[in-house]
Structure formats: C-alpha cells, structure tokens
S.K.: 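Sharing a structure below in structure tokens format, with a few things to ask.
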Amino acid sequence: MPTFIRSLILLALLLLPNLAFSNSQESLELYKQRLEQLDATATTSQDKEQRELYQKIIAAWQDAVLFEQQAMQSRNQLERIPAEIKKIQQSLSESAPSLNLQQLKKQSASELEQKLTLEKAKLLELEQGEKQVQKQIKQSSDTLITLRTELASLKQQEITEGSESSALNDAEFAARAARIQALEFRLLTLPGINELNQIKVQRLTKQLEHQRNLIQALQDLLQDKRRTEAEQTLEQVHTEADSTDLPAPITEQQARNQKLSQNLRAVVTLAEDTLQQRRLLERKLDLFKQSYMALQLQTELSRQPLGPELTRFTQHLEAGVDTLATKKKLNELRLMSLDISRSELMIDTSDERLLSPGLSDEQLSRLKDLQYDYRSIAAKTQETINQALNELSELLSVQEQFSEQANKGKELISQQLLWIPSVPPLSPEWFSDVLQGVPSVISILAPTISSDQKYVLPPDDWIVFLALWLMLVMVSLLLYPKLR
C-alpha cells in the first residue's frame, strides 16, 4: 500500500505542472484582456489604481508561468536522463575505431598536414567540453546547497494578505507555489545530472585518448613522409663533387649544394627531435597538473594537516624549463632561412657569362644545372624550416606552460609551509635520546656544588621533573601522528 501511494504522489507531481501551467496561462491572458479593456484615456484616480493593480497581477502571473515552465523543463529532463545514461554506457562498452594506417600512408604530406590540423581542432573541442563538464560536476554540490537553502527560506516565508485585492494575493501565491515546485523539481534532477556528467567525463576521456593516438600517428606519418620527400629531393639532384679540376664557379656551387643538403637533413632531424621532446614534456605537464589540482582540492576541503601529501608533492616538484636553448634554435633557423633566400636572390639576378668568363658551353650548362639543383634543395629546405619553426614554437609554448605550472606549485607549497615537516619524524630512538640528555639538564638546573660534595635532588624537585618529563612525552605522542 505505501508503494502504491508513493506512485500516485509521483504521478500527481508529473501531471500537476501541466494543469497548473494551463490555469496560470489562462489567468494571465484574462487579466491582459481586462487591462486592454480599460480606457487608456481615463485619468481618474480610480482608473489609475485599477490599471496599476492589473499590472501587478499580470507581473505575478507572468512569474508563475515562468516558474511553471522551468518545472516542466526539469521534469522532461528528469525523464530523459536515464535514457541518455544508458546510451552513453552502451557507447563506452564499444571498442574505439581502429586507425587505418595503410590508408593514411597513401596520402601526401600536404593532405596529412590538413588532416592533422582538423584533428587538432577536434581535440581542442573535446578538451573544452571536458573542462565544461568537470566545472559542472565541481559546482553541483554548491548548487545543491544553494537550492536547498533557497527552498527552505521560501517555504518559511508567509504571504501577508494585503488590502488591495484578493486577485493579487492569489497571483502572488500562485507565483510562490510555482517557484517552490520549480526548485523541488530541479533538486530532483540534480543527482541524475551529476551521474550523467560523470558518464560524460568517461566518454570524453575515451574520445580524448583516441584523438591523441590519432594525432600522434598522423604526426609520425608526417615526419616519415617529410624525411622521405627530403631524401627523394636530394636523390634527384647531384650534390657530390665530380672532379677537382673543374673551374672555381662550378666547385663553389657544388660546395654550396653539399652544405645546403647537410642543412636540410639537420633540419629534418631537428623537427623530429623537437616533436619527441614536446611529447615527453606534455606528458610530464599533464601529470604535474593532475597532482597540483588534487593537492589544491585537498587543501581546500580538508581541515587536517597535509604534511605527507605536501612532502610527496615537494619531492616531485620540478624547476621550470629553460627556454633559452629553444629560442636560440628558433633564431638559428630564421637566420638560415634568410641566408638561403639571399643566395637564391644572387643566383636569380646574376649573369653566368659575366661572372664566370672563360667557361665553355658545356661547363656553363653544368653550372646552370647545379644552380637549378640548389633552388630545388632550397625550396625543400625552406619548407622544412617552416615545419621545424612550427614544432619549436609549440615546444616553447609547452615549456612556458610547464614553468608557469611549476611556479604555481611553488606558491602552493609556500602557502602551506607550516604543515611541511622540517625535521625527521619521531621515532623510538627519540625517547632514548631524551633520557640520555636528562643528566645534562639536571646538571644545568642543579645549584653549583664543590667537587668533594655529593648533591642529591630533593624529592619535591624529582616529582616536578618527572611531571614535566611525562608531560613532554604525552605531547610528543599526541603530535606524533600529525608529524609523520
């Protein structure tokens, strides 16, 4: 029987908003019509009072309609939450889509770069969504307390029946009842919303892991593709010296080609090393952020000393990253790009016949071929430099974030220095050390005695000393768990 009664009550609560909303809407329309029927040109005091009364009644009924709409929205949300939770749970049980590496390998470097940019944008959207859901979860407890306080205060309020009109009292009472109902329905939905948000976080975590794996695979493929294209460019050109008996313009151009080829390979290696360094630092930054947020939450919520937690956090606290080396590499690449552009300009604006007199037609053709090879290598080197500059810029950004997070950790430690143990924890040897030091304390406290006299501590002094020693032991035992 009690279960049946509870079912009826729940059914009544679900049907009540529709009925109340219909009545409130009808009353609102009724008084709007009455207000329109008043003669707008009437200037008597009675007409003005009647118009003001209708306006107050309409405002109250508008509030009632608004709160009833909120109650209906909460009720609909309450009905949708179980289905949404079940749907997300089913998606969590499904395995993540596998990466089609063979299909990706068929794409060119430019296609891989475009896809990588799109996938990074998706990753940013997922991270932003995770932050929003985490924020909602964090605010849920505060919202619950706020709503309960507001509801309790609202229920304790009493509407005093004024002398203006019973219609106004009815409208204000309906608005108050609708507001109470809206708050109660929202309180009913909060636990379900919190559970739904927890499930959403699990789904987002799974999606983020898949997205990061996809981006990492694309980056690795792109690096391999760039190195392959660079090697193909170098294979298509002639960079080795044919003979030492060639004219100076040809040997000088061959030397420039060889140097530029070495720079191209060095820049490709630098881009690959920078990518690996950034990945490692990003993982360390994520772990450090998680430790910092967990410790910060503990310091906010816990009233107990956090000596052990702060000690472990201090042991893993790292100094900020020095960004000078990264900035130096950025400047070196920019200078290299300027030198290449200057050399290309000199080749384009020079006349080989005027600068290299005495060359035969065959030698002049050979020189032009070498200059053409230089332009090909320079184009690929400039492209690779731009890619390396992008990798170094991202690494610099992560390094600055890591240094900023390290500074936040130092500030948190500075604020909690009182609870960080600065001496070794108490141990059984500590009490034996205290006992060994007792004779020294007695010798200091005792009066000066000649060497041929024996001093015996009076009984009263022994009692005082033992009492002080026992008090010290009790205090040490009480502080021992907190100082561990």
Side-chain angles (χ1 to χ4, degrees), residues 1-35 49-85 132-133 135-200:
M1 190 64 180
T3 304
F4 177 70
I5 294 176
R6 285 198 298 269
S7 301
L8 289 178
I9 293 174
L10 179 59
L11 180 62
L13 285 174
L14 294 176
L15 295 177
L16 186 59
N18 290 329
L19 299 174
F21 178 74
S22 177
N23 294 332
S24 300
Q25 191 68 33
E26 291 176 358
S27 300
L28 176 60
E29 296 297 332
L30 175 63
Y31 281 97
K32 281 184 177 180
Q33 293 176 2
R34 291 183 180 180
L35 181 61
E49 292 177 359
Q50 190 70 18
R51 185 178 293 105
E52 292 177 357
L53 177 61
Y54 283 165
Q55 291 174 348
K56 292 180 180 179
I57 294 174
I58 290 172
W61 282 118
Q62 286 176 341
D63 291 339
V65 170
L66 177 62
F67 291 130
E68 288 164 2
Q69 289 176 345
Q70 294 177 358
M72 290 179 63
Q73 292 174 358
S74 298
R75 188 196 67 176
N76 295 333
Q77 189 178 21
L78 188 62
E79 295 175 350
R80 293 194 306 267
I81 285 176
E84 293 181 7
I85 292 177
Q132 292 178 355
V133 177
K135 184 178 180 181
Q136 293 176 3
I137 294 175
K138 188 176 180 181
Q139 294 176 346
S140 61
S141 58
D142 297 335
T143 303
L144 183 63
I145 296 174
T146 302
L147 291 178
R148 291 194 181 279
T149 304
E150 183 180 357
L151 182 61
S153 175
L154 193 60
K155 287 183 176 181
Q156 292 176 358
Q157 292 178 2
E158 295 182 0
I159 296 182
T160 58
E161 295 186 0
S163 58
E164 289 185 280
S165 172
S166 60
L168 179 58
N169 292 332
D170 293 341
E172 291 177 346
F173 180 83
R176 176 175 173 271
R179 185 180 177 187
I180 291 175
Q181 189 182 48
L183 290 174
E184 289 176 340
F185 266 101
R186 192 176 176 192
L187 284 171
L188 288 175
T189 59
L190 276 180
I193 292 175
N194 193 31
E195 182 180 359
L196 178 62
N197 286 334
Q198 297 287 353
I199 297 294
K200 285 182 178 179

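Throughout, numbering of the chain's residues begins at 1 and tracks the sequence.
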S.K.: On a heavy-atom basis, which atom in Glu172 and which in Ala60 lie closest, and how many Å separate them?
M.R.: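 That closest heavy-atom pairing would be N-CB, 4.0 Å.
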S.K.: Just verifying a value: how many Å separate Leu154 CG and Arg179 CZ, rounded to the nearest 0.5 Å?
M.R.: 5.0 Å
S.K.: In Å and rounded to the nearest 0.5 Å, what is the CZ to CD distance from Arg75 to Gln70?
M.R.: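 If we round to the nearest 0.5 Å, Arg75:CZ and Gln70:CD are 14.5 Å apart.
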S.K.: Could you tell me whether a side-chain N or O of Ser153 sits under 3.5 Å from a main-chain N or O of Glu150, the two making a donor and an acceptor?
M.R.: no
S.K.: Looking at Ala171 and Ile57, what are the two nearest heavy atoms and their distance?
M.R.: CB-O, 4.0 Å
S.K.: How far does CD of Glu68 sit from CG of Leu66, to the nearest 0.5 angstrom?
M.R.: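 Result: 9.5 Å between the selected atoms.
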S.K.: Between Ala178 and Ala64, what is the shortest heavy-atom contact and its length?
M.R.: CB-O, 3.6 Å
S.K.: Roughly how far apart are Glu84 CD and Glu79 CD, rounded to 0.5 Å?
M.R.: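 Rounded to the nearest 0.5 Å, the CD-CD separation comes out at 12.0 Å.
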S.K.: Using the side chain to side chain contact (heavy atoms under 4.5 Å, CB included) rule, take Gln62 and Lys32 through it: C-alpha gap first, then chi angles, then the decisive distance, then the call.
M.R.: CA-CA 11 Å; Gln62 286 176 341; Lys32 281 184 177 180; 4.1 Å; yes
S.K.: The criterion is side chain to side chain donor-acceptor pair (under 3.5 Å); which residues satisfy it with Glu29, sequence neighbours excluded?
M.R.: Gln25
S.K.: State, to 0.1 Å, how close Ala174 and Trp61 come at their nearest heavy-atom pair, and which atoms those are.
M.R.: CB-CZ3, 3.5 Å
S.K.: Tell me the closest heavy-atom pair linking Leu188 and Leu78, and the distance in Å.
M.R.: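 That closest heavy-atom pairing would be O-CD1, 3.7 Å.
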S.K.: About how many Å separate CG of Leu151 and CZ of Arg186, when rounded to the nearest 0.5 Å?
M.R.: 12.0 Å
S.K.: To the nearest 0.5 Å, what is the distance between CD1 on Ile145 and OG on Ser140?
M.R.: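 Those atoms lie 9.5 Å apart.
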S.K.: Taking all non-hydrogen atoms of both residues, which atom of Ser74 and which atom of Phe185 are closest, and how far apart?
M.R.: CB-CB, 3.7 Å
S.K.: Using side-chain heavy atoms (C-beta onward) and a distance below 4.5 Å, is Ile193 in contact with Gln77?
M.R.: yes
S.K.: Only one of Leu196, Ile199, Asn197 forms a side-chain contact (heavy atoms from CB on, under 4.5 Å) with Val133, so which one is it?
M.R.: Asn197
S.K.: Run the numbers on Glu26 and Leu30 for side chain to side chain contact (heavy atoms under 4.5 Å, CB included), then give the verdict.
M.R.: CA-CA 6 Å; Glu26 291 176 358; Leu30 175 63; over 6 Å; no
